[in-house]
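Every number for a ligand or one of its atoms is a count from 1 in the order of the listing. The shown structure was predicted, so the numbers you read here are calculated from the model rather than taken from an experiment.
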Amino acid sequence: MKLNSPRGTSDIYGEDIEYRDFVIETVRELFKVFGFQEIITPAFEHTEVFSRSIGESTDIVQKEMYTFPDRKGRSLTLRPEGTASIVRSVVEKKMLSSQELPLKLFYIGNMFRYERPQKGRMREFWQIGAEAMGSSEPLIDAEVIWLLSRIFYNLGFKKLQLRINSIGCSQCRGSFIHEFKEYIQPGLGGLCPDCRNRFEANPLRIFDCKKSSCRSIVSGSPKISGFLCPDCRKHLQGVKKILTGLSIEYYIDDSLVRGFDYYTGTIFEMVSHELESAQNALGGGGRYDRLLSEFGGPDMPATGFALGLDRTILVMKELGMGCSRKTGPVKTYMITLSGPGEAYSLEVLRDIREAGIACQVDYASRNIGTGIKKAGKKGFDLAVIIGDEEIHKGCVTIKDLDNFRQYTIDRTRLVKKILEITGVEKNG
Ligand code: AMP
């Protein structure tokens with residue numbers, strides 16, 4: 001019997017695991033620096049958690065959710081995104097009453113959407129997200145945007161574009177929707193059946209439609225930016241000012257919308273223009289000031305983002321970006337001419353590993369030159385070389401793969417020397 005993985009899912013192994021570890025380690029470090037704490041919520045929730053918050057007329061809720069009855073007939077859904085679950089949890093566990101505000105949380109988890117699979121678009125994919133709850137200050141919007149752009153910077157991205165817009169509060173949106181419907185009305189027959197339904201139920205969702213006929217009708221429509229109330233306008237100005245102060249480049253995109261109903265005010269997206277791919281948004285987010293109260297929690301504002309882990313890795317690989325960390329545990333590669341099972345080599349291996357230093361063994365090669373080349377290619381810091389002479393004298397040769405300097409030293413001083421060569425910061 002030969003079975004394949006379900007369409008739109010992937011097995012992650014080999015090089016992809018290295019990229020994944022690199023991204024996750026990089027973001028974990030930054031979450032610490034920016035003061036975010038991890039939260040882990042279930043991979044499935046009661047269906048209303050998503051349908052009510054993301055919006056009944058969104059594509060996600062209408063077409064993309066993995067919804068099923070459990071054995072007792074309750075409707076459950078595999079999470080299509082992270083924010084709704086986090087809000088459900090924060091309200092349920094009353095986290096906002098006992099914490100210093102804003103409450104800053106992050107998550108790393110797999111998400112499920114029944115989409116048409118293509119490059120960068122999967123049915124099961126991973127997101128890394130951050131949420132900051134309890135502050136309406138522009139500083140908090142700027143801080144999450146800063147964190148998102150810092151993540152991509154630290155991963156090595158050079159040319160991402162940060163797009164920002166405000167979709168206003170319910171007050172600004174009321175007058176905009178009125179104007180927008182007047183604009184669309186004459187061309188209503190040219191919209192797809194879904195968008196015709198949206199026109200009545202939730203006209204803003206027409207902006208998300210990927211069909212070219214709908215896109216061309218919408219492209220000339222009035223923009224929400226022209227309808228912002230003084231408070232929303234002032235808030236956006238505040239965010240822009242802080243971003244400028246932080247030297248973060250951004251582009252105001254007044255046609256930017258996001259596919260969930262819960263967004264209010266500032267929204268943003270990180271887009272890669274270096275690839276000719278339709279799936280060029282690597283991450284995005286925005287404010288959701290009403291969601292906590294809609295879930296029965298306090299009337300508190302919030303903001304956050306999610307980035308796609310799989311899509312980020314895909315773009316990194318296509319751009320030829322590496323995934324080796326400049327800091328982190330020292331990685332050594334042992335090349336031993338008499339074979340790794342030989343007693344002296346085993347003792348050296350034990351010394352290194354028990355000192356908490358990663359050491360991989362060259363099981364195959366009996367040639368030092370080939371071994372060193374392999375170690376360099378795979379991003380190791382040092383090669384640990386054991387030949388007949390080393391065994392005979394009770395010493396070890398270390399080659400620094402950064403600058404190819406070589407040291408032969410007594411075995412008892414090996415660990416100390418490794419740490420000395422690589423510097424303390426590599427052991428953080
Ligand atoms: P969203 O939750 O739709 O705002 O998406 C945030 C990020 O998650 C996107 O910018 C993508 O990087 C990633 N993402 C969303 N949907 C998918 C998908 N179907 N497959 C892979 N990555 C996705």
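Residue G284 has no nitrogen or oxygen atom sitting less than 3.5 Å from a nitrogen or oxygen atom of ligand 1, judged on distance alone. Between L307 and ligand 1, no pair of N/O atoms sits closer than 3.5 Å. For a threshold of 3.5 Å applied to N or O pairs, the pair formed by Q127 and ligand 1 contains at least one separation below that value.
In this structure, Y183 and F180 have parallel ring planes: the angle between them is below the 30° cut-off, well short of the 60° mark.
The single protein non-hydrogen atom nearest to atom 22 (N) of ligand 1 is F125 CD1, 3.6 Å, given as residue, atom name and distance. Looking from atom 21 (C) of ligand 1 to the surrounding protein, the closest heavy atom is G120 O, 3.3 Å. When only non-hydrogen protein atoms are considered, atom 9 (C) of ligand 1 lies nearest to A281 O, 3.8 Å. The closest protein non-hydrogen atom to atom 1 (P) of ligand 1 is R113 NH2, 3.7 Å. The protein heavy atom nearest to atom 13 (C) of ligand 1 is G308 CA, 3.5 Å.
Not counting sequence neighbours, the partners of F157 by the ring-ring contact (aromatic ring centres under 6.0 Å, His included) test are F152.
Comment: E318 engages K119 in a salt bridge, judged by a side-chain N to carboxylate O separation of less than 4.0 angstrom. With respect to the salt-bridge test (charged N to carboxylate O, under 4.0 angstrom), the residues K104 and E143 qualify. Under the 4.0 Å criterion applied to side-chain N and carboxylate O atoms, D261 and R205 are assigned as salt-bridge partners. By the 4.0 Å N-to-carboxylate-O rule, D194 lies close enough to K63 to be salt-bridged with it. The pair D16-K317 counts as a salt bridge, with a side-chain nitrogen and a carboxylate oxygen less than 4.0 angstrom apart. With respect to the salt-bridge test (charged N to carboxylate O, under 4.0 angstrom), the residues E29 and K32 do not qualify. Using a 4.0 Å cut-off between charged nitrogen and carboxylate oxygen, R52 and E48 do not count as a salt-bridge pair.
Residue A306 places a heavy atom less than 4.0 Å from ligand 1. Ligand 1 has R258 within reach: a non-hydrogen atom of the residue lies less than 4.0 Å from it. Using a 4.0 Å heavy-atom cutoff, L282 is listed among the residues neighbouring ligand 1. Judged by the shortest distance from any of its heavy atoms, F305 lies outside the 4.0 Å radius around the atoms of ligand 1.
Residue contact check: E115 has heavy atoms under 4.0 Å from atoms 16 (N), 18 (C), 19 (N) of ligand 1. Less than 4.0 angstrom separates some heavy atom of M122 from each of these atoms of ligand 1: 18 (C), 19 (N), 20 (N), 21 (C).
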